[in-house]
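Scroll down for the structure; my scribbles are underneath it.
Worth knowing before you read on, the calculation uses all heavy atoms, side chains too, and leaves out hydrogens, waters and symmetry mates. In what follows, every chain begins at residue 1, and chains take the letters A, B, ... in the order their sequences are listed.
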2 protein chains.
Amino acid sequence: MSYNAPLKDMLFVMNELAGMSTISQLPGCEDATADTVEAVLEENAKFCGGVIAPLNQPSDEEPSFWRDGEVTTSRGFKEAFKSFGEAGWQGLQHPVEFGGQGLPKLVATPCIEMLHAASLSFALCPMLSDGAIEALLTAGTDEQKATYLEPLIAGKWTGTMNLTEPQAGSDLAAVRTRAEPQGDGTYKIFGTKIFITYGEHDMAENIIHLVLARTPDAPPGVKGISLFVVPKFMVNADGSVGARNDAHCVSIEHKLGIKASPTAVLQFGDHGGAIGTLVGEENRGLEYMFIMMNAARFGVGMQGIAVADRAYQQAAAFAKDRVQSRDLAGSAGPVAIINHPDVRRMLMSMRSQVEAARALAYVGASISDVAHFHADAETRKANLAVYEYLVPIIKGWSTEMSETVTRDGVQVHGGMGFIEETGAAQHYRDSKILSIYEGTTAIQANDLVGRKTVRDGGAVAKGLIAQVRATESALRESGNADFAAIARQLADGSRALDEVVDYTVANIKGDVKGVFSGSVLYLKLAGIVLGGWQMGRAALAAQRKLEEGAGDAQFYKAKIATARFFADHILSQASGLRTAIVEGSAGVLALEVEQF
Amino acid sequence: MSYNAPLKDMLFVMNELAGMSTISQLPGCEDATADTVEAVLEENAKFCGGVIAPLNQPSDEEPSFWRDGEVTTSRGFKEAFKSFGEAGWQGLQHPVEFGGQGLPKLVATPCIEMLHAASLSFALCPMLSDGAIEALLTAGTDEQKATYLEPLIAGKWTGTMNLTEPQAGSDLAAVRTRAEPQGDGTYKIFGTKIFITYGEHDMAENIIHLVLARTPDAPPGVKGISLFVVPKFMVNADGSVGARNDAHCVSIEHKLGIKASPTAVLQFGDHGGAIGTLVGEENRGLEYMFIMMNAARFGVGMQGIAVADRAYQQAAAFAKDRVQSRDLAGSAGPVAIINHPDVRRMLMSMRSQVEAARALAYVGASISDVAHFHADAETRKANLAVYEYLVPIIKGWSTEMSETVTRDGVQVHGGMGFIEETGAAQHYRDSKILSIYEGTTAIQANDLVGRKTVRDGGAVAKGLIAQVRATESALRESGNADFAAIARQLADGSRALDEVVDYTVANIKGDVKGVFSGSVLYLKLAGIVLGGWQMGRAALAAQRKLEEGAGDAQFYKAKIATARFFADHILSQASGLRTAIVEGSAGVLALEVEQF
């Protein structure tokens, strides 16, 4: 149940697919030299594998618990978070001026993957802080920045995101929490928020809640939502922690997974009003929240990749160790089950999907860095559009992928997988939240269809499809049998995606429900085609390396075989998805509500 | 969280697809008149919905527990099992001569579905008794039959199946439990068995263990395994329960799901030897075990359908009730989420797969009845071959289907789905064992490829494909747009299956590992094609009913729409599966063990 960070694959993807050397030449990214990057990753791998990963299973067995308004987190979390902050890991991608290390997203991303793989429950706490930091950096007043950013970035305080209310679910138009101006620049906040990750805990001196609420004259719906900072403890002028604010945790949830991560119900203002200050301008809360959300959505995608990789590592180790039944090709006695073809198939399926999703996410991080740091505004804009197209895919596809991969992780263990002590079932349980929180896959898919595809008439999507086809041509020209097979599946896949984009753009006006009844399938199709594209690029890069004779030949050969597997087993699903999207809406919508 | 048995669909499938009226004309099945069948189903629905279903969630929250060798089952189980036995439900499909009702499998099957849907954990106990009854009926001595069958069939005692040992997993060749003949016709049994469902509990006066063990001179491997009856309490000559036998439960497992069902580690013979008697002949234990297994495998397939239907019912109820977000087609306020297309898509996916799997399983039950009861030996033999081909598909496909359906059940609930109190997560956890126990899907697939496809050169498979094509023609001739779409997908699906059968038969000798690396995918492909075939037949039957103007028009229209959905969304996966099977083995097998 140990976790060994896949540094070799991470560095391969960063260097060969995500253009690390180009990123480190962008203005502001000069410190991210090859040596620094490798050192950061190695140090992070040590910390995650050595300090965090051993907490994962015990903390599932002894979850965080609530008593009298306070939450005691699982054994070891408090100390581990202190080490995490002191080592500077919270500040990895945040600005140097507030104590961070200012590294590009492409470098932070593998570190985030490692932390989540070590423990999803633990890593959620710093992930939520990242979101709060991002929002304050973008829209906070100078005073808010001066008050909150340094302790957040140092890991002394943590942040939360307060969107959901009991009656509202994902529907932010229904938010009812009130914010009453006090005339002194502060507001009193009244309301109930649910599903607040790390909304209460004992791991930090203070918790900085970012809360969506309505001012008295706000218009109805999402256009009347503002964002407020509401600290658990008020902050004195000297930065020290002051009086307790009126934000209290009344319970935490009993969940299927990520049990060590406390999910709080927070009550604001039951004792006179919780004091908060406005972030940015009134009624622009949704916009700021989306800044946090986009960062968080990418982060949740990384969670999917992380837990899937952890499950893969555990299943592969078990399969090499567990001896049972004779080899099909004939052996005297029983053999390790990794020799049985269906076990092998499951391991390859797990491995290939993790690698494809990792490659797509890291390439996304790199595009995000170009969108942030590039000197040329047009280049920034173009890359931002591509990144924003990719975010719902990285979030939605990687997380749904993690459900099937952790499922196979249980399956490889056979009956032992169903026994909690084995630890495989925890990954299966933990992963199930990922396709739900920060917007379900359906919400990601709505974003992909509405804002990311229809709005530009499919232009960004078509640009990516053209790149897929360029890779397909390069593979076909190679004359290698594996590459020809990958090219064949990429051709089918890119054609399917192209047709679906055309269908989406053409029918959104005339048949909006029909188009949206295939939106999640479109997201999955885009995930496997773009993931398959990255595996195709990876195979080409691996072949170049083999021809150069440099590096680990076994690694490069495995990469090519894994790309081949992905093409035949995963990309091959593309045409079925196309059928379901383009021809399948009639069946989705035919029944009356009463017929269910 | 209530459970309403889908009697309308059950009766439709029995009457229109599974030939109930033909079955009730078979010798020995004459009592199964239409009126009786309907009355039995209605009574069973009442019992399962009223008595068992309410126990399901509480028993998950308060699982059965072990103390000092004894297991206390979840609150209410003991009383419910008493009612179950007294009402005669355990005896439904067992011979009248031992107190059963002697009903055909086609009538018992929906009752079994209802019981599992009400509570998988509870229903496992009678399911294991069914297996023990089956084995004793087939191979037991007259004395064993006289001693054990009546109390088992009356539900006063229960049965278990003891195969797995710590070192052996599914590999029965590795069984080490010893049976030493005592010269008086009894044996002393020594060994440890694990994963014994209801191996110890407080719901019955006695527990009849059927145990695989080796006699002293037995040959190695599976040819040296014998089957023994080892009661928990010895049985006196008058049939009363006597001295405690040396079979003790040393612990029960802490599991991902089916927590109310105790999974025991049993220690035989730690205090001098557990007394047992031989079933049938020495060294033929595997053969007898397969009798129990085939019945149990079909039963586990029914568990998959049952838990999937329960999850579907719960998700549909929630989706009609939960109001959130505006309608895409435009509405003033928020609407019930069942109006959102992706929620609708998930519900249709759940519904259509449940209905397809149910239809295939009931048709399988009907074929089994013909194989048992038909007057003509040739007809019996031909039907037995078809039934045996279907068993691994019904087991493997229905159970893997239940994982995706219960997953969608959680997803429809959004964040609430992840909270245990909602109850959706329980189905997701419970279902995960189904594709593992009684042989993992890979073991089913080995059976499908090896014994069921290769051995007859694909003859049975081809016979079924011909029937699929006949349905496809009938659909195409109808001239209806929905039917044409279903026919198109059935054509693609049956072609894919046909090619895979040819590939399997042609390559088993030359490329055994290649063929088996696609075996699970072949099983899934067979499941969706044969399930799609049943949905096609169902659509035709529904159309006939609509034309006749009899019955519930809304039900028949829904059936056609559901069949259309299944074709576009599920059957459309067939060609991707074909590719993965026929072209995908290279990727599965390319890596060396060290490369994982």
Counting heavy-atom pairs under 4.5 Å with chain A, the top scorer among B:Lys320, B:Glu253, B:Gln573 is B:Lys320

Answer with side chain, backbone, both or neither: which region of A:Arg578 has an atom nearer than 4.5 Å to a non-hydrogen atom of chain B? neither

Tell me, for A:Thr441 versus chain B, whether the close heavy atoms (under 4.5 Å) come from the side chain, the backbone, both or neither. both

Using non-hydrogen atoms only, which part of A:Ala173 is less than 4.5 Å away from chain B: side chain, backbone, both, or neither? neither

Answer with side chain, backbone, both or neither: which region of A:Ser435 has an atom nearer than 4.5 Å to a non-hydrogen atom of chain B? both

Could you state the interatomic distance from OG1 (B:Thr562) to CZ (B:Phe555), rounded to the nearest 0.5 Å? 9.0 Å

Region of A:Ala174 that comes under 4.5 Å of a non-hydrogen atom in chain B: neither

Which atoms of B:Met416 are under 4.5 Å from chain A, going by heavy atoms: the side chain, the backbone, both sets, or neither? both

Which region of A:Gln489, side chain (C-beta onward) or backbone (N, CA, C, O), has a non-hydrogen atom less than 4.5 Å from a non-hydrogen atom of chain B, or is it both or neither? side chain

If you tally heavy-atom pairs under 4.5 Å between each of B:Ile419, B:Val323, B:Thr404 and chain A, the highest tally belongs to B:Ile419

Full working for side-chain hydrogen bond (donor to acceptor under 3.5 Å, both in side chains) between A:Thr440 and B:Gln411: CA-CA 8 Å; A:Thr440 61; B:Gln411 196 73 12; 5.2 Å; no

Looking at B:Phe418, B:Phe596, B:Tyr312, B:Phe565, which has the largest count of heavy-atom pairs under 4.5 Å with chain A? B:Phe418

Below 4.5 Å from any heavy atom of chain B, which atoms of A:Arg344 appear? Answer side chain, backbone, both or neither. both

